[in-house]
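Structure first, commentary second.
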2 protein chains.
Amino acid sequence: MKNNMESVSDKNYIEQVSVECVILGYQDRQLRVLVPKLAFKGDFWGLPGGFVYQDEDTDDAARRILYERTGIKDVYLEQFQVMGKANRNSREFLDRMIGQNSDLFSDPLAEGQRSRMDYDWFTRRFISIGYYALVDMNQVIPQKTDLDVSIEWYPIGELPPMIMDHNQIVANALATLRLTIDQKLNAFNLLPETFTMQEIQDLYEAIFEKRFAQNNFPKRILRLNVLDRLEKKYTGAANKAPYLYRFDRARSSQLPTEDLFTE
Amino acid sequence: MKNNMESVSDKNYIEQVSVECVILGYQDRQLRVLVPKLAFKGDFWGLPGGFVYQDEDTDDAARRILYERTGIKDVYLEQFQVMGKANRNSREFLDRMIGQNSDLFSDPLAEGQRSRMDYDWFTRRFISIGYYALVDMNQVIPQKTDLDVSIEWYPIGELPPMIMDHNQIVANALATLRLTIDQKLNAFNLLPETFTMQEIQDLYEAIFEKRFAQNNFPKRILRLNVLDRLEKKYTGAANKAPYLYRFDRARSSQLPTEDLFTE
DNA sequence: ACAAAAGTGTTAAGCGTACACCCATGC
DNA sequence: GCATGGGTGTACGCTTAACACTTTTGT
């Protein structure tokens with residue numbers, strides 16, 4: 001595998017900066033995170049990540065990484081945290097990973113130039129920029145890359161142990177989502193094109209891990225003034241048919257913008 | 001000046017990453033920002049910034065930059081944004097600055113090695129990490145560095161035009177402060193050791209640019225359960241003496257921690 | 001008719017503001 | 001006493017939750 005992989009150190013990346021993506025989906029009343037299992041020996045899971053080209057916005061780098069794993073280009077994306085600890089890339093972790101993958105990283109001093117440079121690249125200190133993305137799971141067919149052995153959706157409460165601080169990064173992504181959801185109107189990106197009020201409520205309850213009163217919830221959502229009510233949805237079920245709603249991006253962009261977090 | 005300045009390209013910094021600090025203070029019912037005027041010819045203002053050493057946490061880099069300008073070490077600090085646009089360092093700006101400072105940056109092709117390397121360093125694309133700090137203005141004696149001609153507190157509504165996106169960075173720092181103030185309890189860092197309830201209310205009104213009802217404001221603040229009520233403050237004024245309060249860091253650290261944004 | 005889920009009404013608690021009032025303080 | 005500003009009480013409106021009720025739909 002070493003031979004058909006282009007060496008990362010050859011590419012025109014910004015050095016010592018990486019982007020890590022928390023890709024959030026929603027299904028069966030649960031938030032889910034798309035997590036690859038990494039192509040190293042031993043059980044290593046880690047958030048989809050990558051590097052930033054010299055002439056590329058960090059936002060675009062995140063979009064590129066997302067496109068590789070999800071196959072969709074138009075995703076909601078938000079930068080929410082920088083991991084800047086100098087000792088993030090802990091010595092123990094590196095020793096364990098490299099020790100179990102000696103064919104990839106063998107003895108850097110005895111190896112050829114390419115391996116040596118990749119070793120230097122990966123073992124250096126990195127500053128990571130955390131993004132979270134909200135995607136409609138129905139539109140995504142998870143794609144593993146050369147760096148993964150598999151890629152799967154995990155319920156946000158049942159994540160595998162990930163490398164470094166990646167579990168904490170997910171927790172912080174969720175905290176940011178909760179904090180800004182009403183201002184950003186981004187929750188709708190987790191749902192399909194049309195949805196019922198109950199589906200939005202279920203989603204909110206999944207995000208906040210608490211129940212909302214059923215009578216006021218529609219008022220709370222409709223007050224945001226970004227939903228169109230469509231015709232009723234007749235499912236054939238023996239009960240009252242709920243209305244369908246659609247997120248109206250045109251109307252949402254007319255909201256009073258505060259340039260919050262926008263560059 | 002070129003001769004007594006150590007060349008930035010010599011130092012052991014992480015390349016293409018910078019830290020920018022929004023240093024916020026509070027006086028006369030106004031939020032204020034500490035802004036240096038840069039030591040370039042022409043009128044250039046810019047946020048205090050710097051670079052990150054290889055073995056230094058980004059948080060510590062921000063603290064170091066803050067200490068240089070304020071002389072205090074124990075400040076409230078929070079990372080709130082990354083500026084990652086590839087074309088941030090706009091061509092027009094660089095041309096204008098370098099054109100007006102030819103003695104510093106002269107013709108890079110004709111100059112010595114040091115100048116050439118500094119030119120390369122400064123004109124490359126940077127990813128900036130934005131921090132905001134909250135400081136008690138009474139404890140700060142603004143210090144200009146070699147890079148500044150002066151440094152001053154400006155009301156947040158009357159900032160000078162700053163380089164690049166620095167004015168927008170300040171706006172985003174304020175937006176973040178408003179969003180998280182009740183969870184972070186950080187507003188108290190803007191006040192002196194002891195303060196009256198009215199002073200906290202004035203501060204909140206300055207931050208949010210709106211008035212709060214006087215009767216339940218104390219309830220709102222005391223509910224946070226982080227203030228100690230001290231003895232009354234007899235000023236000699238012909239009116240009822242207000243109580244003094246003190247922020248109790250011990251009690252605030254016992255709050256339910258959610259690891260929000262903490263690395 | 002009946003079950004199931006959608007949707008609405010009633011009541012109460014909590015928090016916010018506006019306004020009025022009382023209280024302490026020094027002249 | 002009196003002006004000044006700190007501190008508190010009342011009335012009202014809005015938001016949320018718990019609970020009950022009505023409405024719609026297909027069997």
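Because only heavy atoms are used, hydrogens play no part in the values below, and waters and symmetry mates are left out as well, while side chains stay in. Keep in mind that what you see is a predicted model, and the values were worked out from it rather than measured. In what follows, chains are A, B, ... by sequence order, proteins preceding strands, each numbered from 1.
- Ring centers of B/Phe217 and B/Tyr204: under 6.0 Å apart, within the cut-off.
- Straight-line distance from the CZ atom of B/Arg211 to the C1' atom of C/dC19: 13 Å, rounded to whole Å.
- Residues from residues 195-207 of chain A that place a heavy atom under 4.0 Å from any atom of DNA chain C, listed by number: A/Gln198.
- What you find for A/Glu68 and A/Gln143 is that their closest heavy atoms are O-CB, 3.2 Å.
- Nucleotide D/dT22 holds its C1' atom 13 Å from the CD atom of A/Gln214, rounded to whole Å.
- Distances from the side chain of B/Asn215 to the nucleotides D/dG7, D/dT8, C/dG16 place D/dT8 closest.
- Protein atom CZ of A/Phe217 is 10 Å distant from nucleotide atom P of D/dA17, rounded to whole Å.
- Looking at heavy atoms from C-beta onward, A/Leu177 lies in side-chain contact with A/Leu24 at the 4.5 angstrom threshold.
- Taking for each of A/Arg220 and A/Ala238 the nucleotide of DNA chain D with the nearest heavy atom, the 5'-most of the two is the partner of A/Arg220.
- Look at B/Glu209 and B/Arg178 and you find a salt bridge, because one of the NZ, NE, NH1 or NH2 atoms lies within 4.0 Å of a carboxylate O, short of that distance.
- For the pair B/Phe208 CZ and C/dG16 P, the interatomic distance rounds to 12 Å; values are reported in whole Å.
- The nucleotide whose nearest atom lies closest to any side-chain atom of B/Arg223 is, among D/dT15, C/dC23, C/dC15, C/dC15.
- Using a 4.5 Å heavy-atom threshold, the side chains of A/Leu77 and A/Tyr132 count as separate.
- Side-chain contact between B/Arg88 and B/Ile127 is absent, with no heavy-atom pair separated by less than 4.5 Å.
- Toward the 5′ end of DNA chain C lies the nearest nucleotide of A/Arg229, the other residue of the pair A/Asn216 and A/Arg229 mapping further downstream.
- Side-chain contact between B/Asp248 and B/Leu227 is absent, with no heavy-atom pair separated by less than 4.5 Å.
- D/dG7 atom C1' lies 12 Å from atom CG of B/Leu222, rounded to whole Å.
- In this structure, the CG atom of B/Asn239 is 6 Å from the P atom of D/dG5, given to the nearest Å.
- Between the P atom of C/dA6 and the OH atom of A/Tyr245 lies a distance of 12 Å, rounded to the nearest Å.
- When rounded to the nearest whole Å, the span between OH of A/Tyr243 and P of D/dT25 equals 9 Å.
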